[in-house]
Each structure stands twice: as structure tokens, then as C-alpha cells.
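What you are looking at is a predicted structure, and each value in this text was computed from that prediction instead of being measured.
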Amino acid sequence: MKAIKYLLAAVLLIGGTAQIKAQEENPEFAAVTKAIVDNKNNLKAAEPVVKDFVKAHKKDAAALAVVGRAYLDAKNEAEAKKYADMAIKANKKAGDGYILLGDIEASKDNAGEAATWYQTAMTIDSQNPMGYVKYARIYQKVDPQGAVEALEKLRTIRPDYPVDAEAAKFYYRAGKLGKALEYYDKCDRSKLDRSQLAEYATIAYANQKNQKSLDIALYGKQKEPGHAAFNRLAFYNNLVLQNYDDALKYADLLFNHSDSLKAIYSDYENYGHAYVGKKDYENAIKQFEKAYEMDQNKGDVLKHLSDAHMNNKNHAKAIDYYKQYLAKSGQKKVSDYEAIANIYIDLSEAETSADAKKRALLNADQQYVELAAAFPKNKDYATYKRAGIHHTINPDVKQGEAKPYYEEYAASVGAKADKNNGEKATLAIAYNYLAVYYIQNDNVAKAKEYAAKLQELQPENETAKQILAL
């Protein structure tokens with residue numbers, strides 16, 4: 001499902017490390033970080049806040065490392081290193097400064113040097129989980145299993161640390177979603193933070209475990225009812241499960257009652273699909289239009305708009321949007337010819353005058369003419385569909401409106417030595433039509449010829465029996 005990649009991207013925006021969580025829980029840490037990051041283009045503006053913070057925490061290695069990490073986030077490596085050194089000087093037995101030095105090297109893609117600093121932190125401060133976690137993260141892309149093994153060392157020292165959740169994150173970032181789900185399933189949900197719960201629910205969704213994903217999202221909502229990720233996941237999963245009323249309910253919560261929302265393309269696209277599920281095509285069209293406004297490179301939504309307009313009996317717009325979709329896709333497939341033909345067929349059923357009905361059906365017929373020309377291997381199929389359209393134009397078999405097409409189909413497919421079951425079924429329809437046509441036009445010999453072929457395919461066919469009995 002295309003929504004998966006957009007949902008994964010949206011959840012990545014949530015973030016979520018132990019350090020971020022600590023900053024959120026410590027207002028002072030959050031304030032100094034914000035002051036630095038918000039003023040990254042004019043760091044002098046942050047100096048008064050930083051000065052007061054450092055004065056209050058000059059012997060706190062963890063606090064000094066927070067300042068350094070904020071400078072690293074602001075792309076100021078020199079200041080980041082300065083505070084890493086200050087953290088180490090404040091407490092040589094704390095791992096925070098060494099971890100920050102590792103982060104600085106990691107930001108420069110110096111994986112070996114970063115790993116060395118993380119190992120130093122693990123040795124000096126064995127109770128600090130971030131040394132193990134950061135060391136493992138260095139290897140998560142090239143060796144997720146090795147990264148997990150590194151975390152197992154942490155489990156023996158800090159049994160309280162959520163090692164399985166970190167392992168799940170490694171596999172998630174490596175794109176191994178099945179293994180990521182396996183590790184999250186080992187976790188106690190009550191000990192997962194909001195970002196972990198959101199990630200867990202997203203991974204379950206990506207693995208098509210929609211009921212599980214929904215359950216996790218609803219559990220997360222109990223903790224944070226306005227969290228956008230949980231509203232989004234509840235919305236998406238209910239849509240897949242075809243719980244359209246609930247899908248619309250959580251879509252409304254996502255758009256109108258989330259604490260913060262960065263809407264993504266698939267939010268609007270799926271909102272449209274939820275309305276389609278309720279057969280509310282007017283509102284579906286509105287949401288598909290919003291999706292297209294957000295990203296006009298994603299042409300599939302034009303096809304959704306075409307389908308919604310057809311269901312809403314606005315055939316002119318349905319055809320127009322389908323043509324726009326084809327212009328975007330740049331390649332007309334067999335299914336595209338048939339889709340446009342189906343719009344014209346649906347239009348014929350909505351028309352009230354005989355002339356208008358026939359005109360719509362002839363437009364549908366033309367699509368199959370073009371299909372046969374563009375895809376010669378599909379000519380038999382196109383011929384069979386044309387026969388059905390012409391029979392609809394004039395269902396009086398005696399007049400034989402569909403006769404030329406059924407004859408062509410019967411001659412081509414009937415000559416095949418290895419007909420599949422579908423071909424046998426459609427061939428029987430052709431033989432039946434032709435047998436009836438010839439008997440109604442007093443050509444008994446020809447009628448019996450087709451009746452015999454029909455009986456060969458369907459020995460108990462009553463039409464064949466009656467004609468052969470003449």
C-alpha cells in the first residue's frame with residue numbers, strides 16, 4: 001500500500017530518543033536547547049540563556065552535554081566540543097561528555113572514531129545506557145544483528161532499560177520491518193514512550209497487522225488523546241479494516257483535534273477513500289482535490305477523482321480527470337482503455353434517450369478498437385468486449401448487431417488448442433449467440449454447427465440440445 005511509505009516518513013518526524021525524552025521532561029534542558037537551536041544563525045542571541053544555565057549547572061556533566069548537543073544540532077562543532085570537554089572535566093566518571101564527542105564524530109561520518117568514544121563511555125560509565133545505544137547505532141545499518149548483540153550487553157547491566165525497543169528501532173531503520181515488529185512484540189507496552197508506541201503501531205501497519213496496529217494506537221491515545229500519530233494510525237487502520245465510520249471519526253480527530261499536525265499527502269488521499277467507503281462521493285472529491293493540491297506529482301489521485309466523479313454520475317468530469325491521469329502517467333495500459341470504456345458504459349445507463357445511450361456505447365466500443373490496435377495480444381479480449389457492447393446497443397439477436405464480433409472471436413479463440421477455463425466460458429457465450437442468430441434467421445445447418453460446438457463445451461446446454469434435436 002502506497003500510504004505506508006508516507007506514514008513511515010510521518011512517524012520519523014516524531015523523533016524519540018532517551019535524550020530527547022529527558023529534555024522534554026526537564027524544562028531547563030528544553031529551554032536552553034531551544035534557545036540555541038532557534039538562534040542557530042545568530043548564536044550571540046542565545047548567550048545570556050546559556051551563561052545562566054552553565055552557571056547553575058557547571059558541575060553537572062549531563063547538563064553541560066545538553067548544551068553541547070544543542071550546539072551540535074545548530075551545526076557549531078567547535079562549541080559542541082567545548083562543552084563536551086567541560087562535561088568531562090566536571091565529572092570524568094560520567095559518560096555524557098564522551099558520548100557527545102562520539103556524536104560529533106558521528107555527525108562527520110567518522111564511524112570508527114565515534115565508536116571509540118562510545119566504547120570509552122561504556123567502560124567509564126557502565127550504567128549510562130546511551131553509550132551502548134549510540135555504539136550499537138553506529139552499526140545498525142551495516143549490521144543490525146551485531147547492533148542488537150551490542151545492546152544485549154546493556155541488558156545484563158541495566159535490566160530495566162528497554163533493550164527490545166531499541167533493537168526494534170534498529171531493525172526499523174534498516175528496513176527490516178518483520179524483525180522490528182518481532183522485537184516490539186516482546187516489549188511491555190506500558191513502558192514504551194509515545195514515540196516508541198507510534199513507531200510500534202506504524203511497523204505493525206506496514207506488516208499489515210492492522211488490528212494490532214489499531215490496538216496499539218488506541219492504547220497510545222489513552223495516554224495522549226491529541227497526539228497526531230495515534231489519530232493518524234487509528235484513521236488509517238480503520239480504513240484498511242473497512243470500518244468507515246470510525247475511519248472518518250479519527251480523520252476528523254487528526255485534522256481538527258490533534259495537538260500538532262504536519263499533514264501529509266496520504267492523509268487527504270485516505271480521507272477521500274474513507275468517504276468513498278461511505279459512498280459520500282462529494283466529500284471524497286473534496287479530499288482528493290486537497291491531496292492533489294498538496295502534491296501534483298502524484299497522478300494516482302487524478303484516477304481517484306475520476307472514479308469518484310463517475311460514481312457521482314458526473315461522467316464528463318470522470319473522463320476529463322482520467323485523461324489528466326493518463327497525461328501524468330505517460331503510458332496507457334490495457335486497464336486504462338477499459339476504465340474509460342466503463343465510464344462510457346456507465347454513462348449509457350444514465351442517459352435517457354436512445355440516441356444518447358448509443359453514442360455513449362459507441363464511445364466505449366472505440367476504446368476497445370484502440371486497445372486492440374495498441375496491444376495486439378489482447379485483440380481477442382477486445383473483440384469479445386465489443387461484441388457485448390454491440391449486443392447492448394441492439395439486444396435483438398435476429399438482427400445480429402453483435403454477430404460480426406462474436407464470429408471473429410469464435411474463429412480466433414475456437415482455433416486454440418489449449419483454451420483456458422475463462423476462454424471456454426466466453427467462447428460458449430459466442431457460440432450460443434451465433435446458434436440462436438442462425439436459427440432465428442432460418443439457417444438450421446449453420447445453427448447446428450454452432451450448437452454442436454456449444455455442446456462440446458457444455459454438454460448439458462439446453463439451447464444446444466434443442467437446436468441439435470431439430
Short N-O contact, Glu224 and Arg194, less than 4.0 angstrom: yes
Lys212 and Asp185 ion-paired at < 4.0 Å: yes
Electrostatic pair Lys465-Glu460, nearest N-O below 4.0 angstrom: yes
Donor + acceptor pair across side chains of Gln455, Asn461 (<3.5 Å): no
Cationic N near anionic O, under 4.0 Å, Lys446 to Glu449: yes
Flag side-chain contact, heavy atom, 4.5 Å: Leu427 against Lys419: yes
Heavy-atom side-chain proximity of Leu218 to Phe230 below 4.5 angstrom: no
Carboxylate-amine/guanidinium proximity below 4.0 Å for Lys286 and Glu282: no
Aromatic plane relationship, His391 with Tyr433 - under 30° parallel, 30 to 60° tilted, over 60° perpendicular: perpendicular
Donor-acceptor side-chain pairing of Asn110 and Glu105 below 3.5 angstrom: yes
Lys290 bridged to Glu269 by N-O distance under 4.0 Å: no
Ring geometry between Phe235 and Tyr271 (parallel below 30°, tilted from 30 to 60°, perpendicular above 60°): perpendicular
Short side-chain donor-acceptor distance under 3.5 Å, Asp259 and His227: no
Lys/Arg cation over aromatic Tyr275: Lys278, 6.0 Å, 45° cone: no
4.5 Å side-chain heavy-atom contact, Leu72 and Ser107: yes
Ion pair check, Lys34 and Asp38, cut-off under 4.0 Å: yes
Close side-chain approach of Leu302 to Tyr322, heavy-atom, < 4.5 Å: no
Within-4.5 Å side-chain heavy-atom neighbours: Tyr344 and Leu361: no
Flag for Asn441-Lys398: side-chain donor and acceptor within less than 3.5 Å: no
Distance, nearest 0.5 Å, that separates CG of Asp280 from CG of Asn311: 12.0 Å
Test item: side-chain donor near acceptor, Tyr325 and Ser306, under 3.5 Å: no
Salt bridge present between Asp365 and Lys385 (N-O < 4.0 angstrom): no
Pair Lys169 + Glu166: basic N to acidic O under 4.0 Å: no
Worked check of side chain to side chain contact (heavy atoms under 4.5 Å, CB included) between Ile393 and Leu362: CA-CA 8 Å; Ile393 290 172; Leu362 289 174; 3.8 Å; yes
Check: Tyr184 and Leu192 side chains under 4.5 Å, non-hydrogen atoms: yes
Flag for Ser266-Tyr236: side-chain donor and acceptor within less than 3.5 Å: yes
Val413 vs Tyr384 side-chain heavy atoms within contact, under 4.5 Å: no
SB check Asp320 Lys323 (cutoff 4.0 Å): no
Between Tyr171 and Glu182: side-chain donor-acceptor atoms closer than 3.5 Å: no
Spacing of Tyr321 atom OH and Tyr292 atom OH [to the nearest 0.5 Å]: 9.0 Å
SB check Asp307 Lys303 (cutoff 4.0 Å): yes
SB check Asp300 Lys328 (cutoff 4.0 Å): no
Parallel, tilted or perpendicular: ring planes of Phe288 versus His304, cut at 30 and 60 degrees: tilted
Minimum side-chain heavy-atom gap Lys416-Glu423 below 4.5 Å: yes
Asp295 with Lys298: basic N within carboxylate O range, under 4.0 Å: yes
